[in-house]
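Have a look at this one.
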Amino acid sequence: MSPSLPAPREVLVSGNWKMNHDHYAAIHFVQKLAALLRTSPLPARRSLSLHPSFTSLRSVQAAVESDAVPVKLGAQDCHFAPEGAFTGEVSAGMLAKLNVAYVIVGHSERRGHFGETDEIVRAKLDAVLSQQMSPILCVGETLEEREAGTACQKVSTQLEAALSGRSAEVLGRVVIAYEPIWAIGTGRNADAGDAEEMAAHARAEVGRICGRETGAVVRVQYGGSITPDNASQILACENVDGLLVGGASLEADKLLEIVCAGA
Ligand code: PGA
């Protein structure tokens, strides 16, 4: 390869199962994925993380490790405190003990249904980073904000609240997921132009908040109604280097098609 050509990007596709798949279904999924990967391995510079519910994490970890399936383990959320009287919650340390590599933080469903503020999201980011895991920080605008022309402002505010004042070392582990809320679970994905524009904006904002070099290398995923049919178009965007996939990640063959799209 000519030294003047940029290196091919690393792409991370993350399957967010949300509140789907009990642990039996989760094991079955991993077995199916393992079989599919034996005949069609992941392309170079493509990687995959699976984000089951908390009750399935241990089963998925065991299935992935016993079959040496080339996927990373991910979680959908965690609490910000290291331990204590928080009935029903799961700490970042508990996830790290299960070899969780990625934790989704500030998903719009957490922000919307469970009242997570930017302050809480920042505290969760702290917790994930303190356990040496990578947070997938979700940002994105509502339909009303898009129509009012304030989408960029919304994303800037969310990024600033979560990332300001952090060191370059920890920023190297942060993944940004741009997810327009109007595209999540609606079947209406952003077109490639919109996805690229907002991913470029998010990257530029990370550069402004954290330093240009960090902005240039930060991984930016797009999420919202990704399917095998639209994945390659979105992955072709210059500033998109990964996907956060909900509904279409529930089937192993679809998820594999997505992670291989356009490679
Ligand atoms: P969706 O969800 O792919 O079902 O739209 C994406 C997400 O919520 O991360």
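Along the sequence shown, residues carry numbers from 1. These values consider heavy atoms only, across backbone and side chains, with no hydrogens, waters or symmetry-generated copies.
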No-hydrogen, no-angle side-chain donor-acceptor test under 3.5 Å, E145 and T142:
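Note: E145 and T142 side chains meet the donor-acceptor criterion.
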Quick check: is V218 connected to I234 through a chain of hydrophobic side chains (ILVMFWY, heavy atoms under 4.5 Å apart)?
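Yes, it is one cluster - the side chains of I234 and V218 are joined through contacts under 4.5 Å.
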For E169, check side-chain contact (heavy atoms from CB on, under 4.5 Å) against everything at least two apart and list the hits.
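Partners of E169 under the side-chain contact (heavy atoms from CB on, under 4.5 Å) test: S167, R173.
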So that I can tick it off, tell me whether K254 and E257 are bridged by a salt bridge, with the cut-off set at under 4.0 angstrom between side-chain N and carboxylate O.
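So E257 does not pair with K254 through a salt bridge.
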What heavy-atom pair brings A34 and D67 nearest, and what distance separates the two atoms?
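Scanning both residues completely, I find the closest heavy atoms to be CB-OD2, 3.9 Å.
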Does D241 come within less than 4.0 Å of R203, counting only side-chain N to carboxylate O?
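A salt bridge links D241 with R203.
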Is K72 atom NZ crowded by more than 12 heavy atoms from other residues, nucleotides or ligands, each under 6.0 Å away?
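No, the 6.0 Å shell around NZ holds no more than 12 heavy atoms from other groups.
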With a 4.0 Å cut-off on N to O distance, would you call E251 and K32 a salt bridge?
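Between K32 and E251 there is no salt bridge, as every charged N stays at least 4.0 Å from the carboxylate O atoms.
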Give the minimum heavy-atom separation between S49 and Y102, together with the two atoms involved.
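Looking at all heavy atoms of both residues, the shortest contact is CB-CD1, 3.8 Å.
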Checking side-chain polar atoms at under 3.5 Å, does W182 have a donor or acceptor matched by the opposite partner on E144?
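There is no such pair between these side chains.
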Of all pairs that satisfy salt bridge (charged side-chain N to carboxylate O under 4.0 Å, His left out), the ones with a partner from residues 174-201, not counting sequence neighbours:
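Those involving residues 174-201 are R146-D194.
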From L12 CG over to S134 OG, what is the distance, rounded to the nearest 0.5 angstrom?
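Between L12 CG and S134 OG, I get 9.0 Å after rounding to 0.5 Å.
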Heavy-atom closest pair, residues F86 and A81:
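Closest approach of F86 to A81, heavy atoms only: CE1-CB, 3.5 Å.
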In Å, rounded to the nearest 0.5 Å, how long is the span from CG of L36 to CG of L256?
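Separation between the atoms: 5.5 Å.
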Roughly how far, to the nearest 0.5 Å, is the OG atom of S91 from the CZ atom of F80?
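Reported value, rounded in 0.5 Å steps: 12.5 Å.
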Are any side-chain N or O atoms of R111 and backbone N or O atoms of G106, one a donor and one an acceptor, separated by less than 3.5 Å?
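Yes.
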Atom OG1 in T214, atom CZ in R166: separation rounded to 0.5 Å?
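T214 atom OG1 to R166 atom CZ measures 12.5 Å (nearest 0.5 Å).
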If every non-hydrogen atom of S225 is compared with every non-hydrogen atom of A183, which pair is closest and at what distance?
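For S225 and A183, the tightest heavy-atom pair comes out as OG-O, 2.7 Å.
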Please report the closest heavy-atom contact between Y222 and P180, naming both atoms and the distance.
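Smallest interatomic distance, heavy atoms only, reads CE1-CD, 3.5 Å.
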Could you pull out the closest heavy-atom pair between L42 and S47, with the gap in Å?
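Looking at all heavy atoms of both residues, the closest pair is CD1-CA, 4.3 Å.
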